[in-house]
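Right, one structure below, let's go through it.
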Protein chains: 2
Amino acid sequence: MATVHGADLGENVNKDCGSGSRGRWLVLKPTQQGVLHALFQLNPYPGIATRGRLARELDIPESRIQVWFQNQCMRQLRQS
Amino acid sequence: MATVHGADLGENVNKDCGSGSRGRWLVLKPTQQGVLHALFQLNPYPGIATRGRLARELDIPESRIQVWFQNQCMRQLRQS
DNA sequence: TTTTAATTTAATGTG
DNA sequence: CACATTAAATTAAT
C-alpha cells in the first residue's frame, strides 16, 4: 500500500464541530450547506453582522462562514 | 507513483460525454444519481434487462450502470 | 487567488 | 458479484 497522501497532520482532523454528528475533519451538513447556498444567492458578500448571526444560527465558527463564502464565489466563477 | 496496472489510462479522460456540458472525465449528474439511488433502494441487484432500460433512460452505457450499482453496494456496507 | 490536504466517487482489476 | 485499489474530482481550509 503506497501512502500517497500520507501527510503527517497528526490529530488536526477535528473530532467534533459542535453540531457535527460525523467528525471527519470539517464537513458542513447538507442543512447548513442549504442555508449558506440560499443566503449566498441573496447576498454573496455578507457583512460581519450577518456572518455572525449566521454563525450562531448554524452553530459554526464565523471563520468557516467567511471561508465558505470565499470558496463559493470562486466556484461560481469557475463554473463558467 | 507506481503504475501497477499498466493500463492505458493515459488519454482515457474523455473530453465530452455527449450529455455533459463539462466533459472532464465522467461525472454523473445529480439527476442521474438521484434516479440510480432511488432504483437501488428498490432493487440493489437489477438484471441485464433493467440495467439496459435504465441505461437508455439515463443515456449512459450499461457498463457504468453496473459499476455504479457495485460501488453503491460497497458504499452502503462501509457506512457502518 | 493559489495551493494543500482530506474526502468522495467513477473506474479498473482480481479472486 | 465481492473486494481492494487507483485516478479524477470536489471541497474545506491555509
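So you know, we letter chains A, B, ... as the sequences are listed, proteins then strands, and number each from 1. Nothing here was measured: the structure is a model prediction, and the numbers come from that model.
An OP1 or OP2 oxygen of C:dA11 is reached within less than 4.0 angstrom by a side-chain nitrogen or oxygen of B:Arg64. Taking side-chain N and O atoms only, A:Arg75 has no distance below 4.0 Å to OP1 or OP2 of D:dT10. Proximity of B:Trp68 to the phosphate of C:dT9: no side-chain N or O atom is located under 4.0 Å from OP1 or OP2.
In this structure, A:Arg75 and A:Gln72 have side chains that are in contact, with non-hydrogen atoms separated by less than 4.5 Å. Counting heavy atoms from C-beta outward, B:Trp68 and B:Gln32 have side chains that stay 4.5 Å or more apart. Between A:Leu36 and A:Leu58 there is a side-chain heavy-atom pair separated by less than 4.5 Å.
Summarising the geometry, the separation between NE2 on A:His37 and C1' on D:dT11 is reported as 14 Å, rounded to the nearest angstrom. Rounded to a whole Å, the CG atom of A:Leu28 is 8 Å from the C1' atom of D:dA12. A:Phe69 places its CZ atom 14 Å from the P atom of D:dA13, with the value rounded to the nearest Å. If you measure from atom CD of B:Gln70 to atom C1' of C:dT12, you get 11 Å, rounded to the nearest angstrom. Distance CD (A:Gln66) to C1' (D:dA13): 12 Å, rounded to an integer number of Å. Taking atom CE of residue A:Met74 and atom P of nucleotide D:dA13, one finds them 14 Å apart after rounding to whole Å. With rounding to whole Å, B:Asn43 atom CG is found 10 Å from D:dC1 atom P. Taking atom CD on B:Gln76 and atom P on D:dA2, their separation rounds to 12 Å, with Å as the unit.
Among the protein residues, B:Gln33 comes within range of the sugar-phosphate backbone only, with heavy atoms under 4.0 Å from sugar or phosphate atoms but none that close to a base. Residue B:Gln72 is out of contact with every strand shown, counting any heavy-atom pair closer than 4.0 Å.
The nearest pair of heavy atoms linking A:Phe69 to A:Leu54 is CE1-CD2, 4.1 Å. Closest non-hydrogen pair, A:Ala55 versus A:Glu62, comes out as CB-CG, 3.5 Å.
Mapped onto DNA chain D by nearest heavy atom, A:Asn71 and B:Pro46 fall at different nucleotides, with B:Pro46 at the one closer to the 5' end.
Base pairing of D:dT14: no nucleotide in any strand meets the Watson-Crick or G-U wobble criterion (both distances under 3.5 Å). Pairing partner, C:dT8: D:dA8, with both Watson-Crick or wobble hydrogen-bond distances short of 3.5 Å.
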